[in-house]
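What you see is a predicted model; the values in this text were computed from it and never measured. Residue numbers start from 1 in every chain, and the chains themselves are labelled A, B, ... in the order their sequence lines are given, proteins ahead of strands.
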There are 2 protein chains.
Amino acid sequence: MSKQKKVKQLNPSLSVDCAIFGFDGSELKLLLIERSVESCTKKLLTLPGDLIFDGEDLDTAASRVLKELTGLKNIFMKQVRAFGDPKRLKKREDQAWLRSIRAKPEERVVTIAYYSLVNMNDYTPKPSSFAQSARWVNLDKSTDLAFDHQEIAFAAFDQLKINLKNHPIGFNLLPVKFTFSDLQKLYEVILGRTLDKRNFRRKMLKLKLVEPLNEKEEEGVPHKRSQLFQFNTSNYVLLLENGFDNFGF
Amino acid sequence: MSKQKKVKQLNPSLSVDCAIFGFDGSELKLLLIERSVESCTKKLLTLPGDLIFDGEDLDTAASRVLKELTGLKNIFMKQVRAFGDPKRLKKREDQAWLRSIRAKPEERVVTIAYYSLVNMNDYTPKPSSFAQSARWVNLDKSTDLAFDHQEIAFAAFDQLKINLKNHPIGFNLLPVKFTFSDLQKLYEVILGRTLDKRNFRRKMLKLKLVEPLNEKEEEGVPHKRSQLFQFNTSNYVLLLENGFDNFGF
DNA sequence: TTTACAGTGTGTCCAAATGACACTTAGACA
DNA sequence: TGTCTAAGTGTCATTTGGACACACTGTAAA
C-alpha cells in the first residue's frame, strides 16, 4: 500500500492563469509577473499562472497559484473559460522558458482562466516562486504579454465589462467608505467612456446599493467636502444572486 | 526517429461535453446519449462527451466527439466553461462505467463544456461509438443525468438564456422561413414565460433582424394564413458582432 | 350555407426610464 | 476677498415598456 497516490503531482496538461484587475482611484491595472529566461536577458511578462496538481480543484488551484506567485490571498475569482489552442505555448521565447522549468515543455497545456477585481491599495504583490517581480501594470500598457496571455487578458476584461452591466461588480475595488465620484470614476474606467454625473447618481441610488453615511470626510481638499457612502450589504447580496436587468449606462 | 508522437493519444485528464439544445416548434429539448454499464442493466444518461486527444484543439474536439457519438456535424458550438471538481466522476455507477472503458478510470478529468442550439428537424441523431442511443429529451425531463452532467446542462442553459438577451441567438433554431408565432414560441420556451404578441412584434421589428417575405405560406391551416419572415443576414452579422443592449422581454 | 373555431394581425395609452443640459455651493488657498 | 476645484442638484423632451381587445381569414363540421 504505497502512499504514492497521495503525493501531489503536477498535471502536465492543466494550468490556471489569473487576470487580476486593480483600481487605484483613477486607472485600471492588471497584475503581472516577470519570468526570467535562463539563456536570455529579456524577461517574459505574464499573468500569474502555473500547472495544477492532479486532483486539485480548479478554483482552489487558482487561489493557490496566485498566492504562490504574488502573495495575494483571499481573493474571490471567477472562471472566464478554458484556453487550449495547441499552439498557445509554441512561440520561441515561450518555449525557452518552458524548457527551463517544465518536465514536458512540449506538452499542450489547457489553461483555465480566472479573473478578479480588487482594490489595489489593499493588496501589495510580493513575488515568489518563479516570479521575478509582481506588479500592477496599466491596462493599456499591458501589451507584449507572453504565451497567449494577451488574449486571455482581453477575454477576462470583456467578461468584466459584461458583468459590470449585469451584476453589482466592482465594489470590491473601492474602500469601505467612498464618494460618488470614486464610484463613477470606477465605472468610467471600466466602460471606457465618461458618464453624466447626475444621471449616474440617479440610477445608482435607485438600485439602493449604496447608502449615505453621516460623514463628510476628506479634510483639506481644495473644494467642497463630499458625502461618504457605503454599500448596503443586504441589497448587495440580493442583487449578486439575481443579477439585475437595468444597469446600462 | 519514431513517429510515436504523431499517434493520436487520448489525454486522460481532458474531456469535452456538449449540451445541444433543440427546438421542435413547441418544446426545448436536450440531446442525450445512453452508455451501458457492463455489470448493470441500468444505463447512464449523459451529454455527448469524451476524452480529447493530446494536442487536439478544444473546439475541434467538441465537434469530433459530438459527431462520433451522435452523427451530428457542422454545428457551431460555444464554450461554456471548464468543470473540474475532483469528485465529479466519483459516483458509484459512474465509476462502474469508467472502469469498463477508460485506461485510468480513477483519474480526475477536467471537462470543457460546450453548448449549441439547433433546429431539431434538421438533425437526426444516430448513435455510434459507446453511445447506445442518442435522442432528444425534453429539457424538463432531462433529469437524473450521470456524472455532473446535470450541473453542466444547467450552466449551459443559463448561458443560453443570458445570450438570448444580448445576442440574436436562437435563429439557428428556426427554418429559413418562419412565422412570427414560431419566433415568439421559441423565445417563450427559452425564457420560460409567455410574452405579449404585440409587444414582441414591435421590439423584434425595431431590431430589423427579420424581414417579411412575399409569401403567406401554410396551406390548409384552420385559420388565417400567416405572413412568412426570414432573417436579414447583414443586420444579423452586424448584431452578432456587437451584441445589442436592448433586448429584454 | 351557416356556424363555430383557431390563430393572425393590428393601435393606443400610460408609466417609467433615459439622456441632455447648467448653475450654485463649500472649502482651500493665495 | 477673490479664485479655484470638485460637489451637488432638477427639468424637460424623448424613448421605451407593459397592459390591453377586437376584427379578420380560412377551415371544418353541422
Please report the distance, rounded to the nearest Å, between [atom1] in [X] and [atom2] in [N].
X	N	atom1	atom2	result
K203(A)	dG19(C)	NZ	C1'	8 Å
N199(A)	dG10(D)	CG	P	14 Å
F200(A)	dA20(C)	CZ	C1'	18 Å
L195(A)	dA6(D)	CG	C1'	17 Å
Q184(A)	dG8(D)	CD	C1'	12 Å
M204(A)	dG8(D)	CE	C1'	17 Å

R198(A) side chain, from C-beta outward: closest of dT9(D), dA20(C), dA6(D):
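Nearest nucleotide to the side chain: dT9(D).
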How sharply is the helix from dA15(C)-dT16(D) to dA30(C)-dT1(D) bent, taking the axes over five pairs at either end and rounding to 10 degrees?
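Overall, the helix from dA15(C)-dT16(D) to dA30(C)-dT1(D) bends by 20° from one end axis to the other.
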Quick check: does any side chain N or O of N138(A) sit under 3.5 Å from a backbone N or O of K29(A), one acting as donor and the other as acceptor?
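Not confirmed, N138(A) side chain does not pair with K29(A) backbone.
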Verify the distance criterion only: is there a donor paired with an acceptor across the side chains of T179(A) and S226(A) at less than 3.5 Å?
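No donor-acceptor contact under 3.5 Å links the two side chains.
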Among pairs that include at least one residue of [range], which meet salt bridge (Lys or Arg N to Asp or Glu O under 4.0 Å), considering only residues two or more places apart or in two chains?
range	answer
residues 59-71 of chain B	E56(B)-R64(B), R64(B)-E68(B)
residues 111-121 of chain B	none
residues 17-28 of chain A	D17(A)-R88(A)

Report yes or no: is there a donor-acceptor pair, N or O only, under 3.5 Å between the side chain of R202(A) and the base of dG19(C)?
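Such a pair is found, so the answer is yes.
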Not counting sequence neighbours, which residues clear side-chain contact (heavy atoms from CB on, under 4.5 Å) with [X]? List them please.
X	result
A131(A)	I33(A), L69(A), P127(A)
K161(B)	F157(B), D158(B), I190(B)
T124(B)	none

With sequence neighbours excluded, tell me which residues meet salt bridge (charged side-chain N to carboxylate O under 4.0 Å, His left out) with K177(A).
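Salt bridge (charged side-chain N to carboxylate O under 4.0 Å, His left out) list for K177(A), sorted by chain: E215(A).
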Nucleotide by nucleotide, 5' to 3', does protein get under 4.0 Å of the base (B), only the sugar-phosphate (S), or neither (-) in nucleotides 22-30 of chain D, counting heavy atoms?
--BBBS---
On DNA chain C, check which nucleotide each of S181(B) and D196(B) is closest to and give me the residue with the more 5' one.
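The residue mapped nearer the 5' terminus is S181(B).
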